[in-house]
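Have a look at the structure below, then the notes.
Order of listing sets the numbers, starting from 1, for every ligand and every atom in it.
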Amino acid sequence: MWRASVITIFPDMFPGPLGASLAGKARAAGIWDLAAVDLRDHATDRHRSVDDTPAGGGPGMVLRADVLARAIDTVAPATDDRPRLLTSPRGKPLTQARVAALAKGPGVVVVCGRFEGVDERVIQARNLEEVSIGDYVLSGGELAAMVLIDACVRLLPGVMGKEASGAEESFSDGLLEYPHYTRPQLFEGRDIPAVLVSGDHGRVAAWRRAEAERLTRERRPDLWAAHAAARDGPSARPAHVPGDAPKKATDG
Ligand code: ADE
């Protein structure tokens, strides 16, 4: 069974959305499991403190290394081979490729970042992999943990209904998904594109491919460049022309 353990000061937020829909059904079916662990249970003082003021001064509070290390060691002792993640806006951006790799493994231990940050020493000492779910700042790492776990769970064997729904969707081959249509044939004066009701599977596939490429070019030039490079291979890159490099700024 794929196991997710989440270390948080808000265990009541879980399972939250992970208890509904696809993920909730899969959990009930025993495909995966979730444990939300209260970080405060691993504090040692009677106030159950988990944070303190930042060394060097400044605003906010920092999660204590000793309390978090104790929680991690309880949830995932050294023999636990699950990757240990820390949700943080300064982490490496989460990608579908990373999600797919995590889904293939034994599960995840996710530490939810909070306050101004986490003591750097525990990140190093417990080998925490910082992951971001996007270039914006949430009020805490719990929602990011849910996003990460949801993205993994839907890829576990037996969770998604049709294998095709996984294979054709956005990002699986580096392209955004083509547009979808269903009945009615006419909606507020707008028709379903004729090719999709032509019954010609070859033309349908070609149209979808072209639309996926157009959308990716228009909306995600970053993905388009990576897709084009992967498609064309290294030989397609323009040869280096001496003297072609951008001019360096000079002082004069
Ligand atoms: N915590 C706060 N913002 C975050 C983000 N963008 N990704 C992951 N964790 C976060």
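- The backbone N or O of L176 sits less than 3.5 Å from a side-chain atom of T216, completing a donor-acceptor pair.
- A heavy-atom distance below 4.5 Å is not found between the side chains of H42 and D73.
- For R27 (side chain) and L34 (main-chain N/O), a donor-acceptor pair under 3.5 Å exists by modelled atom type.
- The shortest N or O to N or O distance between G134 and ligand 1 is under 3.5 Å.
- The single protein non-hydrogen atom nearest to atom 6 (N) of ligand 1 is Y136 O, 2.8 Å, given as residue, atom name and distance.
- Salt bridge absent: D45 and R64 never bring a charged side-chain N and a carboxylate O closer than 4.0 Å.
- Near V131, meaning under 4.0 Å from one of its heavy atoms, ligand 1 places the atoms 8 (C).
- Here the straight-line distance linking atom CD of E213 with atom CD of E211 works out to 10.5 Å at 0.5 Å rounding.
- Close approach to V137 involves these atoms of ligand 1, each under 4.0 Å from a residue heavy atom: 3 (N).
- Ligand 1 has a nitrogen or oxygen under 3.5 angstrom from a nitrogen or oxygen of L138.
- The closest approach between any non-hydrogen atom of G113 and ligand 1 is not below 4.0 Å.
- The shortest N/O to N/O separation between A144 and ligand 1 does not fall below 3.5 Å.
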